[in-house]
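Worksheet: one structure, shown below.
Chain A is the first sequence line, chain B the second, and so forth, proteins listed ahead of strands; every chain is numbered from 1. These numbers come from a predicted model, not from an experiment.
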Amino acid sequence: MTEGNRFATALRSHQCGALRAEQAGTVVRLGGWVHRSRNLGGLVFIDLRDRAGMVQVSFNPDWSSAAAIADAAAVGVESVVLVEGVVELRPAEMRNAHLDTGDVEVRATSIRVVGPAVTPAIPVARGKNDALPAEDLRLRHRYLDLRRPELQANLILRHRLLQVTRQFLSERGYLELETPILTKPTPEGARDYLVPSRVHPGEFYALPQSPQIYKQLFMCCGFDRYFQIARCFRDEDLRQDRQPEFTQIDIEASFIERDDIMALSESMIAAIWLEAGHVVATPFERMSYADAMERYGCDRPDLRYGLEIHDFTAAFAPLEFGVTSTAIAAGGRVRGIRVSGGAAWSRKQVDELEALAKKAGAGGLLRVKKVDGKLDGPVAKFLTPDAETALALADGDLALFVAAGDRVSNPALDRVRQECARRLGIVDENARRFLWVTDFPMFDQDPATGALSAVHHPFTAANPDDMAAFPDAPEKWRALAYDCVLNGLELGGGSIRTSDPRVQSRMFALLGIGDEAEQERRFGFLLEGLRAGAPPHGGIAFGVDRIAMLLSRGASLRDVIAFPKTTAARALFENAPSSVPPEDLRELHLRSTAEGE
RNA sequence: GGGGGCGUAGCUCAGCUUGGUUAGAGCACUUGACUGUCACUCAAGAGGCCGCGGGUUCGAGCCCCGUCGCUCCCGCCA
């Protein structure tokens with residue numbers, strides 16, 4: 001069976017968009033949507049669209065009945081029609097190079113309007129320079145927006161990526177196992193979406209933030225290798241790249257170590273990217289978290305450009321300069337970047353960079369530039385010849401510094417570095433710099449209270465060397481965790497898990513859940529599984545939505561999700577959430593405290 | 001939770017700075033003309049709670065206050 005008529009059914013023989021010169025002379029029956037029509041008076045053209053593309057259908061007294069021409073002239077755009085006709089090669093001067101089907105047209109003998117359409121609320125067919133309708137209208141009329149070839153291409157690509165993923169993992173012995181959607185609330189982490197229980201008054205399920213514990217239990221059960229295209233839910237405020245429900249490629253495996261998961265992930269990413277037409281080189285680069293923070297101020301650095309951060313503390317330490325000496329005396333450092341060509345920027349342009357640094361928390365942004373072999377700028381006069389040598393500025397360079405503790409300077413310099421790269425136009429949009437960031441700290445310590453929280457999640461295993469070397473200083477432990485980063489974006493992350501229930505119990509205690517009864521109440525079902533005999537295991541999860549977005553070339557997250565929510569977590573198409581009748585609430589043992597009810 | 005931007009015809013936008021005749025344009029829509037178009041062309045027409053509520057004013061699309069919606073950012077997102 002050929003690609004062309006794989007879609008043949010009782011009502012149609014071919015897809016509109018699949019017709020080519022090879023089908024010339026063939027009688028075809030098509031079904032599709034009227035994308036546009038042109039009525040020249042006695043001669044009518046309809047661009048007929050389906051998911052495969054578009055083809056021109058022509059109505060002409062030479063081959064069409066008068067009734068067919070009249071029906072074709074009258075049909076409105078976006079109506080669904082069935083057309084019968086003959087595929088004919090177009091004369092050379094009438095070919096349309098902009099259309100995949102442009103070498104042919106379908107000379108219609110009949111047309112039947114099976115799904116007449118009201119005038120669409122938002123246009124589906126657009127001119128080259130027409131702006132898209134407002135986002136809320138596109139979401140409200142999603143049934144129309146999703147007809148656009150661009151969005152159809154995005155969702156079709158997404159389908160192919162998921163199919164490749166399934167095939168890839170299945171071929172390697174990974175089992176696609178499902179986990180519950182109605183699950184147990186987890187008090188830490190993101191807010192849960194709660195579902196009230198009708199049968200158990202006052203009790204609630206939660207929608208899963210991820211299938212984390214279930215997949216670890218699969219390992220305890222001996223399922224060895226698991227994956228799932230898993231829907232996850234987090235009730236937090238949204239962003240451009242964040243939806244309340246999202247999809248992960250969730251993976252877990254037993255009897256493995258970090259390198260096993262990383263190698264598997266690299267091959268899988270390469271297979272996914274290949275499906276989208278890109279060859280990805282493996283293995284990926286690797287960098288420790290400490291290195292990433294030191295050189296880029298960020299745990300997911302964009303390696304498409306340099307502008308690395310350097311430590312200039314030694315150059316500034318001896319100087320009689322209040323800003324830096326105060327910071328250094330307080331235990332801080334002077335770190336910054338050299339921007340080749342930045343000396344040409346105006347005072348105002350550098351002030352804008354400083355504003356970014358301040359917004360990121362820095363007190364200010366120090367600046368020195370070298371013009372005609374001489375240093376210039378407010379800091380220049382404090383610099384000794386030794387300090388000048390240490391800065392190592394070339395002519396035309398601008399150096400930007402933050403004098404502070406790393407906690408302050410890292411986010412500020414990260415922001416400044418990104419903006420400098422953007423301004424200099426040195427970001428290669430075609431480059432793909434995959435990177436593993438490894439050896440994350442195990443815990444984040446609240447500077448005020450000293451309280452520890454998990455950087456990855458509470459089930460991550462700590463590096464055993466660190467636990468042995470600093471048994472009483474868990475804030476120094478590194479985690480056996482890893483993030484997969486592409487061009488400054490986190491694609492996914494995972495870790496080796498704690499498989500010893502006593503160690504897991506201690507981790508909970510370090511995180512402030514010391515009470516055993518409390519541990520059992522919250523995580524008993526995991527601890528029981530671990531106690532029953534747990535293999536060493538670990539895994540990773542990748543964000544499907546973001547991957548689909550990247551591979552659809554710059555579309556927004558909402559453009560790779562069929563029915564996304566707005567930034568207020570509202571579904572405009574189906575109008576959710578919505579209020580429910582009081583008797584429904586009563587049955588669920590709920591009473592609303594919202595005003596106006 | 002906080003801050004910025006936007007909201008005018010079915011759609012995309014002007015008009016707002018400096019309040020003052022009947023609120024405009026392009027596309028879409030309706031009607032008519034047109035036999036090779038492919039964003040067809042041409043002619044005519046219809047289409048407005050200027051997001052909503054309040055205030056200032058002789059007079060508000062325009063100024064002020066509030067509110068709702070969308071969006072971007074901060075907080076938040078183990």
Side-chain angles (χ1 to χ4, degrees), chain A residues 35-48 54-64 69 73-74 76-78 88 90-91 93-99 101-102 105 107 117-141 144-145 186-192 209-210 212-213 232-244 246 356 359-361 411 415 440 442-444 452-460 479 481 490 493 495 507-508 511-513 522-523 541 543 556 558 565-570 572 575:
Chain A
H35 190 69
R36 242 193 278 268
S37 67
R38 295 171 290 282
N39 180 357
L40 274 66
L43 192 60
V44 178
F45 299 95
I46 286 177
D47 293 336
L48 199 61
M54 219 172 338
V55 72
Q56 171 165 283
V57 180
S58 70
F59 296 80
N60 186 304
D62 293 347
W63 53 80
S64 314
I69 293 174
V77 293
E78 294 311 316
E88 295 286 359
R90 297 198 202 184
E93 69 277 12
M94 291 178 198
R95 293 192 182 157
N96 185 344
H98 300 110
L99 216 53
T101 61
E105 66 175 8
R107 299 191 168 173
V118 297
T119 302
I122 57 172
V124 176
R126 289 187 306 133
K128 292 179 193 70
N129 300 318
D130 291 355
L132 278 175
E135 186 95 33
D136 52 334
L137 291 167
R138 290 178 48 203
L139 293 174
R140 202 177 304 286
H141 305 287
L144 290 171
D145 205 34
T186 51
E188 57 291 304
R191 260 189 295 271
D192 286 320
Q209 295 181 24
S210 85
Q212 182 61 35
I213 292 178
C232 308
F233 306 86
R234 293 178 191 173
D235 186 7
E236 294 294 346
D237 287 346
L238 273 30
R239 282 288 187 284
Q240 184 182 22
D241 60 350
R242 204 194 294 162
Q243 284 274 310
F246 56 97
L356 288 176
K359 209 174 167 188
R415 191 72 197 77
F440 280 78
M442 189 70 189
F443 301 105
D444 197 25
L452 298 180
S453 58
V455 167
H456 188 55
H457 59 54
F459 320 113
T460 299
E490 185 191 329
S495 64
M507 291 298 171
F508 287 141
L511 291 167
I513 317 168
R522 289 194 194 177
F523 299 109
S556 111
R558 289 185 288 267
K565 307 280 190 287
T566 69
T567 48
R570 203 169 265 290
L572 297 181
N575 190 28

Exercise for review: May I ask you to check whether A/Phe523 and A/Phe459 place their ring centers less than 6.0 Å from one another?
Suggested key: yes
Study note, to complete from the structure: Here the distance between atom P of B/rC70 and atom CD of A/Gln240, to the nearest Å, is 16 Å
Review point. What is the nucleic acid contact for A/Ser210, judged by heavy atoms within less than 4.0 Å: base, sugar-phosphate only, or nothing?
Key: base
Check your understanding: Do any side-chain nitrogens or oxygens of A/Arg234 fall under 4.0 Å of OP1 or OP2 in B/rA78?
Key -> yes
Exercise for review: May I ask you to say what A/Arg558 touches in the nucleic acid, namely base, sugar-phosphate or nothing, with a heavy-atom cut-off under 4.0 Å?
Suggested key: sugar-phosphate
Practice item. May I ask you to evaluate whether A/Thr567 reaches the phosphate of B/rU71, defined as a side-chain N or O under 4.0 Å from OP1 or OP2? Key: yes
Revision key, fill the gap. To the nearest angstrom, the CG-P distance between A/Asp136 and B/rG7 comes to 12 Å
Check your understanding: Who is the Watson-Crick or G-U wobble partner of B/rC6, with both distances under 3.5 Å?
Key -> B/rG69
Review point. Mind checking who B/rC34 pairs with, Watson-Crick or G-U wobble, both distances under 3.5 Å?
Key: none
Practice item. Tell me which nucleotide among B/rA78, B/rG36, B/rC77 gets nearest to the side chain of A/Asn60. Key: B/rG36
Review point. Once you round it to whole Å, what is the distance between P of B/rC13 and CZ of A/Arg126?
Key: 12 Å
Check your understanding: Can you find a donor-acceptor pair, distance only, under 3.5 Å between A/Asp130 side chain and B/rG26 base?
Key -> no
Practice item. Return the nucleotide paired to B/rC77: Watson-Crick means purine N1 to pyrimidine N3 with N6-O4 or O6-N4, wobble means G-U with N1-O2 and O6-N3, both under 3.5 Å. Key: none
Practice item. Could you tell me the separation between the CG atom of A/Leu137 and the C1' atom of B/rC6, rounded to a whole number of Å? Key: 13 Å
Practice item. Name the nucleic acid region contacted by A/Pro458, choosing base, sugar-phosphate or nothing; use a 4.0 angstrom heavy-atom cut-off, strictly under. Key: base
Check your understanding: For A/Arg242 and B/rC76, is the shortest distance between a side-chain N/O and OP1 or OP2 below 4.0 Å?
Key -> no
Check your understanding: Is there a donor and acceptor pair, one atom on the side chain of A/Arg90 and one on the base of B/rC38, closer than 3.5 Å?
Key -> yes
Exercise for review: Report the residue (A/Lys359 or A/Glu105) whose heavy-atom-nearest nucleotide on RNA chain B is the more 5′ of the two.
Suggested key: A/Glu105
Check your understanding: Touch check for A/Val455, heavy atoms < 4.0 angstrom, all strands: base, sugar-phosphate only, or nothing?
Key -> sugar-phosphate
Study note, to complete from the structure: Per side-chain hydrogen bond (donor to acceptor under 3.5 Å, both in side chains), A/Ser58 is matched among A/Glu105, A/Glu88, A/Arg90 by A/Glu105
Review point. So, do A/Arg140 and A/Glu135 sit near enough that their side-chain heavy atoms are less than 4.5 Å apart?
Key: no
Practice item. Determine the Euclidean distance between corresponding C1' atoms of B/rG19 and B/rG32; express it in Å to zero decimal places. Key: 43 Å
Practice item. Tell me what A/Leu132 touches on the nucleic acid: a base, only sugar-phosphate, or nothing, going by heavy atoms under 4.0 Å. Key: sugar-phosphate
Review point. Toward the 5' end of RNA chain B, which comes first, A/Asp237 or A/His98, by nearest nucleotide?
Key: A/His98
Check your understanding: Nearest to the side chain of A/Ala131 - B/rU71, B/rU12, B/rC40?
Key -> B/rU12
Check your understanding: A/Ala125 near the nucleic acid: base, sugar-phosphate alone, or nothing, with a heavy-atom cut-off under 4.0 Å?
Key -> nothing
Study note, to complete from the structure: The Watson-Crick or G-U wobble partner of B/rC29, with both key distances under 3.5 Å, is B/rG45
Practice item. Send over the distance from A/Asn39 CG to B/rG36 P, rounded to a whole Å. Key: 12 Å
Review point. Which part of the nucleic acid does A/Pro61 contact within heavy-atom distance under 4.0 Å: base, sugar-phosphate only, or nothing?
Key: base
Practice item. Report yes or no: is there a donor-acceptor pair, N or O only, under 3.5 Å between the side chain of A/Arg239 and the base of B/rG75? Key: yes
Practice item. Rounded off to whole Å, could you give me the CG-to-P distance for the A/Asp145 and B/rC11 pair? Key: 13 Å
Exercise for review: Would you mind reading off the distance between A/Gln56 atom CD and B/rC40 atom P, rounded to a whole angstrom?
Suggested key: 10 Å
Review point. Over how many whole Å does the gap from A/Arg415 atom CZ to B/rC73 atom P extend?
Key: 10 Å
